[in-house]
Number of protein chains: 2
Amino acid sequence: MRIGELAQRAGTTTRALRYYESRGLLPARRGGNGYRAYDEEDLRLLRQIRVLQDFGFELEETRPFVECLQAGHPAGDSCPASLEVYRAKLAELDAMVARLTEVREQVAAQLTQAEAARDALAAADREPRCELARTDDRTIERGEGTR
Amino acid sequence: MRIGELAQRAGTTTRALRYYESRGLLPARRGGNGYRAYDEEDLRLLRQIRVLQDFGFELEETRPFVECLQAGHPAGDSCPASLEVYRAKLAELDAMVARLTEVREQVAAQLTQAEAARDALAAADREPRCELARTDDRTIERGEGTR
DNA sequence: CCTGGCGTTGACGCCGGGGTGAAGGTCTAG
DNA sequence: CTAGACCTTCACCCCGGCGTCAACGCCAGG
């Protein structure tokens, strides 16, 4: 199998495959003509890379999985190093979620407060019970309050 | 107040202030010598920008808040446009949290499964009760099983 | 007057990750 | 023969939010 076919079967591009090779992630044997030669096993490695990439793993983080498969293990995550990457990623995701959630709550609180302030202002506008007279020029036409 | 002082009081840099001005976000009056001249109101605008930036808002997203203050409103979030930005940001944060959480669960499931597979293998190794004989070459010395 | 510290503008750099594009050559399938 | 697939290398891109010069102007203190 040559690079184009592998790329197509894995749903990626020849450029990406050469890039992976340049990173030492997916080495390729070469035919006499210099063309890269791949087999079904390489397709497995590549699929492992793609799955992890889709999960948001960085390329470097996929390396232990690929090496695990290369070492003949049944799955990319059969090796301790891969499990460690899983755990690190879990911790990373948890930290991100916590951070985002905290920001979310702060923004929500700001929104609530700003809406309350706006409503309070609107209410005061409709029914001004404070002693200070409004300085409005009465440009508002649709006034239900004064009607 | 000149640019250096403003930057210092807001905990940012002169470079950032010039950048904001280049984006039309924080315009500055000029003195006779061409120096930027700022007042306390500009400091308020700048603080509003910084707060939102720290929350992870992009510069463009801070614009409605700044314009709201410039229009004389009591707070940056007194205007509908600002509230819309809050709401959009909330939705964005929620989407990110949901995405990350989903990925987190998938990774957690993978980890659990991989650990189970590893433990099953280890158990089978310690006590092989299946009918198929192992094809090991008996390179393992610490064999308790065959002893 | 000189120096140092602030100011000005514009242009370019950088950071990271995952690639892509182009140029110029070789090989192969039909 | 020719189109298309393949090879190499080097450079470039994307994003936002600045940082880092370069080369100069302005001004106060000693």
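Residue numbers start from 1 in every chain, and the chains themselves are labelled A, B, ... in the order their sequence lines are given, proteins ahead of strands.
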Quiz prompt | Face-on cation placement of B:K89 at B:F55 ring, 6.0 Å and 45° thresholds | solution =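 No, B:K89 does not lie over the aromatic ring of B:F55.
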Quiz item: Using a heavy-atom distance cut-off of less than 4.0 Å, which residues of residues 81-95 of chain B contact DNA chain C?
Solution: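 None - not one residue of the stretch has a heavy atom sitting under 4.0 Å from the strand.
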Exercise. Spell out, as yes or no, whether a donor-acceptor pair under 3.5 Å connects the side chain of A:E61 to the backbone of A:E58.
Key: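 Yes; judged by distance alone, with no hydrogens or angles, the pair exists.
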Exercise. Measure from the side-chain N and O atoms of B:S82 to the backbone N and O of B:G76, and report whether any donor-acceptor pair falls under 3.5 Å.
Key: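 Checking the backbone N and O of B:G76 against the side chain of B:S82, a donor-acceptor pair under 3.5 Å is found.
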Would you say [X] and [Y] make side-chain contact, with heavy atoms under 4.5 Å?
X      : Y      : result
A:E102 : A:Q106 : yes
B:C79  : A:R118 : no
A:V85  : A:R63  : no
A:R2   : A:R36  : no
B:R30  : B:Y35  : no
A:R18  : A:T14  : yes

Could you state the atom-to-atom distance from [atom1] of [X] to [atom2] of [N] in whole Å?
X    : N      : atom1 : atom2 : value
B:M1 : C:dG7  : CE    : P     : 12 Å
A:I3 : C:dG19 : CD1   : C1'   : 13 Å
B:R2 : D:dG25 : CZ    : C1'   : 13 Å

Self-check item: Residues A:F65, A:C68; criterion side chain to side chain contact (heavy atoms under 4.5 Å, CB included); working and verdict
Solution: CA-CA 5 Å; A:F65 294 80; A:C68 190; 5.5 Å; no
Quiz item: Any idea which heavy atoms bring B:L25 and B:T62 closest together, and the distance?
Solution: CD2-OG1, 3.5 Å
Self-check item: Members of residues 14-39 of chain B that approach DNA chain D, where some heavy atom sits under 4.0 Å away
Solution: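 DNA chain D contact set from residues 14-39 of chain B: B:R15, B:A16, B:Y19, B:Y20, B:N33, B:Y35.
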Self-check item: Those residues of residues 50-68 of chain B lying under 4.0 Å from DNA chain D by at least one heavy atom
Solution: B:R50, B:Q53, B:E58, B:L59
Quiz item: Listed by chain and number, what are the side-chain hydrogen bond (donor to acceptor under 3.5 Å, both in side chains) partners of B:D94, not counting sequence neighbours?
Solution: A:R104
Self-check item: End-to-end axis angle, where each axis spans five pairs of the helix from C:dC1-D:dG30 to C:dG30-D:dC1, to 10°
Solution: 30°
Review item, side-chain donor-acceptor pairs of residues 46-53 of chain A, under 3.5 Å, at least two apart:
from	atom 1	to	atom 2	distance (Å)
A:R47	NH1	A:R9	O	3.3
A:R50	NH1	A:Y20	OH	2.8

